[in-house]
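Okay, so here's the structure we're looking at.
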Amino acid sequence: MASRIADSMLLVMGPHQRSIPSHRAGLHCSPGMLCLKLESILGKEIKRQCSVSTKRSKIVQAVAIPVAPPPLDSAEYRKQLAKNYGFQQIGEPLPENVTFKDVIDTLPKKVNFTEMAAFYHAAKDVITEYQFDRISYVNQVFEIDDVKAWKSVLISATSYALGLIMISKAPWYLLPLAWAWTGTAITGGHDCAHKSFSRNKLLEDIVGTLAFLPLIYPYEPWRFKHDRHHAKTNMLSEDTAWHPVLREEFDSSPILRKAIILGYGPIRPWMSIAHWLIWHFDLNKFRPNEVKRVKISLACVFTFMAIGWPLIIYKTGVMGWIKFWLMPWLGYHFWMSTFTMVHHTAPHIPFKSSDEWNAAQAQLNGTVHCDYPRWIEILCHDINVHIPHHISPRIPSYNLRDAHQSLQENWGKYLNEARWNWRLMKTIMTICHVYNKEQNYVAFDKLAPEESQPIDFLRKVMPDYA
């Protein structure tokens with residue numbers, strides 16, 4: 001399917017928008033996403049005009065009549081793109097005049113009860129109209145609930161423990177299922193890194209560090225780099241997550257080019273391992289005021305490795321280390337890579353330079369909500385409900401669904417939404433490769449067809465089910 005998309009479509013992304021009076025007004029812009037080649041559209045017309053007169057034995061030449069591409073803001077056009085790419089909905093481009101504050105202001109609010117109580121006390125249970133007007137409101141989706149927060153810790157801890165028990169008891173042919181469960185379960189600590197777990201920040205850092213230790217992930221380095229991803233989502237050369245390959249990198253070396261094709265091709269669901277190595281252990285990648293905390297996290301990780309790994313090997317042998325640690329770790333990185341890839345990568349979602357980048361467009365219009373089987377969503381604490389997470393990472397995981405419902409009510413037509421499927425993955429892995437300002441992405445096989453056998457292989461073997 002993805003090869004058919006690549007062969008039948010020409011991406012021509014460009015932010016050509018006309019301003020509109022309000023973000024609640026209808027879309028009157030034409031930002032451009034894709035133009036269909038005319039070949040498939042004209043095929044029937046050419047055949048109709050090509051006729052052979054058997055009586056006169058004379059061939060009538062075909063004349064191709066130009067057909068204009070559909071309007072770029074056409075709902076029907078976006079619906080067809082969504083079908084081709086494996087999406088449920090491709091959102092309208094967000095108008096330029098919508099600000100990030102406009103979006104945040106629509107999140108559900110409630111009365112600040114602390115102020116309300118103070119007013120009641122001061123007025124002896126009588127509040128004047130003037131005082132009532134002074135009572136502020138708070139975004140309820142930002143509220144930290146200690147019970148719900150510790151419930152998420154309990155889910156992660158018990159699910160991980162259950163996974164280890166399953167690994168120890170399962171026959172060899174069921175081990176892949178046990179590894180998949182365990183790798184999915186060991187995904188806690190995210191709220192801690194975003195300072196949305198507890199009001200006690202020291203406790204938050206301790207829980208986050210412990211949650212990351214079994215993954216050999218240094219907590220503070222991940223927090224610093226992940227915060228940058230949130231601050232500069234889909235910003236060219238600044239986002240630290242799934243960045244498109246730059247053409248100069250792709251052309252720099254034949255060896256590097258082959259490695260990039262493999263990395264963004266067949267082994268892409270595990271490329272977060274490379275990200276883990278490159279971004280989290282090099283002190284030169286951090287600001288001076290971050291280095292001290294980074295060193296503490298690195299010391300914790302290396303201590304865990306120095307004690308935990310030999311202990312596992314002593315008790316279970318090298319095969320036990322592979323069985324109980326390495327395989328679940330690879331399962332975790334499958335989800336780390338896949339979630340991040342699906343949330344921010346699609347042929348119609350652009351990366352933009354800093355001078356063109358717009359926060360509201362990147363976070364609301366350039367982030368994808370993707371539904372997974374419910375057991376995965378529970379074990380991963382609804383991280384797939386990703387658009388509100390990018391509107392503000394300070395929204396605790398247990399409030400993401402309420403926030404997403406609010407976004408759907410207020411900004412629904414601008415949202416990109418999908419349900420995980422093979423066509424979605426195939427589109428990303430066979431098309432979304434090298435950065436191009438006009439087209440967003442150019443597939444490897446369009447630039448280096450003789451070296452793109454891994455991409456050809458994916459096109460042939462990956463299912464096209466949506």
Side-chain angles (χ1 to χ4, degrees), residues 142 144-164 181-231 240-241 272-273 275-277 279-281 286 290 293-305 307-308 325 328-340 343 372 375-386 388-390 392-400:
F142 291 93
I144 292 174
D145 185 318
D146 289 334
V147 173
K148 291 180 179 178
W150 284 104
K151 179 182 175 183
S152 70
V153 173
L154 183 63
I155 289 173
S156 290
T158 55
S159 300
Y160 182 51
L162 177 61
L164 294 178
W181 171 276
T182 310
T184 308
I186 188 169
T187 54
H190 199 144
D191 277 358
C192 296
H194 287 303
K195 303 302 179 184
S196 59
F197 175 77
S198 172
R199 296 174 185 85
N200 185 325
K201 298 310 170 186
L202 176 60
L203 176 65
E204 198 167 50
D205 288 340
I206 292 172
V207 172
T209 298
L210 292 174
F212 275 61
L213 278 183
L215 299 168
I216 315 300
Y217 241 119
Y219 169 73
E220 293 289 357
W222 186 85
R223 182 171 73 85
F224 291 138
K225 295 307 176 186
H226 191 63
D227 282 350
R228 182 175 171 182
H229 160 64
H230 275 270
T240 59
S272 61
I273 296 173
H275 184 273
W276 165 74
L277 281 171
W279 282 99
H280 300 89
F281 296 91
F286 299 93
E290 297 172 341
R293 298 180 72 92
V294 169
K295 287 181 177 179
I296 293 173
S297 287
L298 292 177
C300 292
V301 163
F302 292 137
T303 300
F304 180 86
M305 292 172 66
I307 297 174
W325 185 83
W329 184 76
L330 292 175
Y332 163 80
H333 275 284
F334 170 83
W335 288 119
M336 173 65 88
S337 299
T338 300
F339 280 140
T340 312
H343 291 156
Y372 291 81
W375 70 272
I376 295 174
E377 296 178 345
I378 292 172
L379 293 184
C380 295
H381 308 290
D382 284 337
I383 193 57
N384 59 297
V385 187
H386 209 64
H389 182 60
H390 267 262
S392 176
R394 291 297 182 93
I395 300 175
S397 57
Y398 43 81
N399 289 338
L400 288 174

Mind listing the closest non-hydrogen atom pair of [X] and [Y] along with its distance?
{"X": "L203", "Y": "S198", "value": "CD2-OG, 4.0 Å"}
{"X": "V385", "Y": "L400", "value": "CG1-O, 3.6 Å"}
{"X": "S159", "Y": "L379", "value": "OG-CD2, 3.2 Å"}

Considering residues at least two apart in sequence or located in another chain, which fulfil the ring pair (Phe, Tyr, Trp, His ring centres under 6.0 Å) criterion with F142? none

Step by step, work out the ring-ring contact (aromatic ring centres under 6.0 Å, His included) result for H390 and H343. CA-CA 10 Å; H390 267 262; H343 291 156; 7.9 Å; no

Rounded at 0.5 Å granularity, tell me how far [atom1] in [X] sits from [atom2] in [Y].
{"X": "C380", "Y": "M336", "atom1": "SG", "atom2": "CE", "value": "10.0 Å"}
{"X": "I383", "Y": "Y372", "atom1": "CD1", "atom2": "OH", "value": "10.5 Å"}
{"X": "H333", "Y": "S272", "atom1": "NE2", "atom2": "OG", "value": "5.0 Å"}
{"X": "H194", "Y": "D227", "atom1": "NE2", "atom2": "CG", "value": "6.5 Å"}
{"X": "N200", "Y": "I206", "atom1": "CG", "atom2": "CD1", "value": "8.0 Å"}

Scan side-chain atoms only and decide if S156 and H381 contain a donor-acceptor pair under the 3.5 Å cut-off. yes

Side chains of H229 and T240, donor plus acceptor under 3.5 Å: no

Can you confirm whether W276 sits close enough to I273 that some side-chain heavy atom of one is under 4.5 Å from a side-chain heavy atom of the other? yes

Under a 3.5 Å distance rule, please check whether K195 uses its side chain to pair with a backbone N or O of R394 as donor and acceptor. no

Hey, does the side chain of E204 reach the backbone of R199 with a donor-acceptor pair shorter than 3.5 angstrom? no

Side chain to side chain contact (heavy atoms under 4.5 Å, CB included) for F304 and V301? Distances and angles first, verdict last. CA-CA 5 Å; F304 180 86; V301 163; 5.7 Å; no

After noting the C-alpha distance and the side-chain angles of H190 and H389, does the key distance pass the side chain to side chain contact (heavy atoms under 4.5 Å, CB included) rule? CA-CA 11 Å; H190 199 144; H389 182 60; 3.2 Å; yes

Scan the side chains in residues 207-223 for donor-acceptor partners under 3.5 Å anywhere in the protein, sequence neighbours excluded, and list what turns up.
from	atom 1	to	atom 2	distance (Å)
T209	OG1	D205	O	2.8
Y219	OH	C192	O	3.0
Y219	OH	D205	OD1	3.2
E220	OE1	R223	NE	2.9
E220	OE1	R223	NH2	2.8
E220	OE2	R293	NE	3.1
E220	OE2	R293	NH2	2.8

Between T184, T187, N384, T340, which is the residue that forms a side chain to side chain donor-acceptor pair (under 3.5 Å) with W335? T184

Not counting sequence neighbours, list each pair that qualifies as a side-chain hydrogen bond (donor to acceptor under 3.5 Å, both in side chains) and has a residue in residues 144-155. none

Over 12 foreign heavy atoms within 6.0 Å of NZ, K295: no

Evaluate the criterion side chain to side chain contact (heavy atoms under 4.5 Å, CB included) for residue pair Y398 and I144; output intermediate values, then yes/no. CA-CA 9 Å; Y398 43 81; I144 292 174; 3.8 Å; yes

L330 vs F334, test: side chain to side chain contact (heavy atoms under 4.5 Å, CB included). Steps then yes/no. CA-CA 6 Å; L330 292 175; F334 170 83; over 6 Å; no

